[in-house]
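These notes concern the structure reproduced below.
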Amino acid sequence: MGALTNMIKIETKLFLRDSATVIFGVLFPSGLLLGLGAIPALRESSPETGGLRSIDIWAPTALVFGMVMIAVQHAPAMIVTYRERGILRRLSTTPAHPRSVLLAQMIVAFASVVVSAALMIFLAWAVLDIAPPERPLEFVVAFLVGYAALLGIGMISAAVVRTSSGANQIGTLLFVALMFFGGAFLPRILMPDVLREVGEFIPPGLQALTAAWSAEAGEVTATAGGQPFWLQIAIMGGMAVIAIAIAAKLFRWE
């Protein structure tokens, strides 16, 4: 336990020194939402969205920016870098087992995602008058399961990619693909039904997050006859378990 605590302290310091990750993984979701919220047109309600403002519907998408970046870009790239430099191999000869480094990485990464989400939800409420999640328990479940599925995907990347540059490239491709289905580039309400249906099961499960945050926003973004919330969670949880199991099977310390 003492070794793990020390590792967490070290990983926290390294994380905070990585200004790009702090800015884009932790602070960017809040900045993005506030920036879009400064556009008057996005703060106007519309009959087409049941009286909701565009910014109300888009808020969960801003939230997942940090989740996706940390899970599929930052964490895998750090692990691959450690393996590439022989750090994991050298740690295997010391009392601090490489597993402690990986666990510390996961803890620090998850803590950063929680901070990012909490900061964004608070600023959304305080500045833009976006109500906090209506169903907090379901929101937390969707958040945890969605992040676990993302992390599983990221860990598969960390397991099979040999170089840090390769990890960064794959992480970027994953980020773009996941954020596309999350509605970052085209609002989900404007997507064809088939893409929205697929997006209901693409990590981190933005539809489940949206529905837990606001039932009205969830109805707007869901397809006709959209899948039940807990079915989405169950499928996302299955993805997380399978992805993590594959990553564990393929992972090599050196």
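Side chain to side chain, Glu84 and Ser164 meet the donor-acceptor criterion of an N or O pair below 3.5 Å.
In this structure, Ile242 CD1 and Ile156 CD1 are separated by 9.5 Å, a value rounded to the nearest 0.5 Å. With values rounded to the nearest 0.5 angstrom, Leu174 atom CG is found 6.5 Å from Ser157 atom OG. From Ile107, atom CD1 reaches atom OG of Ser112 across 12.0 Å, with rounding to the nearest 0.5 Å. Here Ser214 contributes atom OG and Ile130 contributes atom CD1; the two are 10.0 Å apart, rounded to the nearest 0.5 Å. To the nearest 0.5 Å, the span separating OG1 on Thr163 from CD1 on Ile170 amounts to 8.5 Å. To the nearest 0.5 Å, atom CG of residue Asn6 and atom OG of residue Ser100 are 10.0 Å apart.
Using a 4.5 Å heavy-atom threshold, the side chains of Thr210 and Phe139 count as separate. A heavy-atom distance below 4.5 Å is not found between the side chains of Val80 and Arg162. Within the 4.5 Å cutoff, the side chain of Met69 has no heavy atoms near those of the Met179 side chain. Using a 4.5 Å heavy-atom threshold, the side chains of Arg17 and Leu14 count as touching. Proximity of Thr21 to Gln73: side-chain heavy atoms (C-beta onward) are nowhere separated by under 4.5 Å. Residues Ile202 and Phe180 form no side-chain contact, since every pair of their non-hydrogen atoms from C-beta on lies 4.5 Å or further apart. No side-chain heavy atom of Pro204 sits less than 4.5 Å from a side-chain heavy atom of Tyr147. In this structure the side chain of Met106 reaches within 4.5 angstrom of the side chain of Met155, judged on heavy atoms.
Hydrophobic clustering (side-chain heavy atoms under 4.5 Å, transitive across Ile, Leu, Val, Met, Phe, Trp, Tyr) keeps Leu151 apart from Val141. Hydrophobic clustering, with ILVMFWY side chains joined whenever heavy atoms are under 4.5 angstrom apart, groups Tyr82 together with Leu102. One hydrophobic cluster, built from ILVMFWY side chains closer than 4.5 Å, cannot hold both Phe143 and Phe201; they sit in different ones. There is a path of hydrophobic side-chain contacts, each under 4.5 Å, that joins Ile121 to Trp125. Under the 4.5 Å side-chain heavy-atom criterion for grouping Ile, Leu, Val, Met, Phe, Trp and Tyr, Trp58 is connected to Ile39 within one hydrophobic cluster.
When atom types are taken as modelled, the side chain of Gln105 and the backbone of Met78 share no donor-acceptor pair closer than 3.5 angstrom. When atom types are taken as modelled, the side chain of Asp18 and the backbone of Phe15 share no donor-acceptor pair closer than 3.5 angstrom. Between the Arg43 side chain and the Ser54 main chain, no donor and acceptor come within less than 3.5 Å of each other. Without hydrogens or angle criteria, Arg135 side chain to Trp213 main chain gives no donor-acceptor distance under 3.5 Å. Side chain of Arg53 to backbone of Leu42: no donor-acceptor contact under 3.5 angstrom is found. Side chain of Glu134 to main chain of Ala215: a donor-acceptor pair is present (N/O by atom type, distance under 3.5 Å, no hydrogens or angles).
Across every non-hydrogen atom of Val161 and Arg83, the tightest pair is O-NH2, 2.7 Å. Closest non-hydrogen pair, Ala247 versus Ala159, comes out as O-CB, 3.7 Å. Here the closest heavy-atom approach between residue Pro76 and residue Ala71 is recorded as CD-O, 3.3 Å. In plain terms, the two heavy atoms of Thr61 and Val64 that are nearest each other are O-CG2, 3.1 Å. Residues Gly37 and Ile55 approach most closely at N-CD1, 3.8 Å, considering heavy atoms. Scanning all heavy atoms of the two residues, the minimum distance from Ala148 to Ala240 falls at C-CB, 3.7 Å.
In summary, the aromatic rings of Phe65 and Phe24 are positioned with their centroids too far apart to meet the 6.0 Å limit.
The number of heavy atoms from other shown groups lying within 6.0 Å of CD (Glu216) does not exceed 12.
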Steps toward side-chain contact (heavy atoms from CB on, under 4.5 Å) verdict (Ile87, Val101): CA-CA 10 Å; Ile87 294 174; Val101 178; 5.7 Å; no

Applying side-chain contact (heavy atoms from CB on, under 4.5 Å), run through Leu33 and Leu128 and close with a yes or a no. CA-CA 9 Å; Leu33 187 67; Leu128 300 174; 3.9 Å; yes

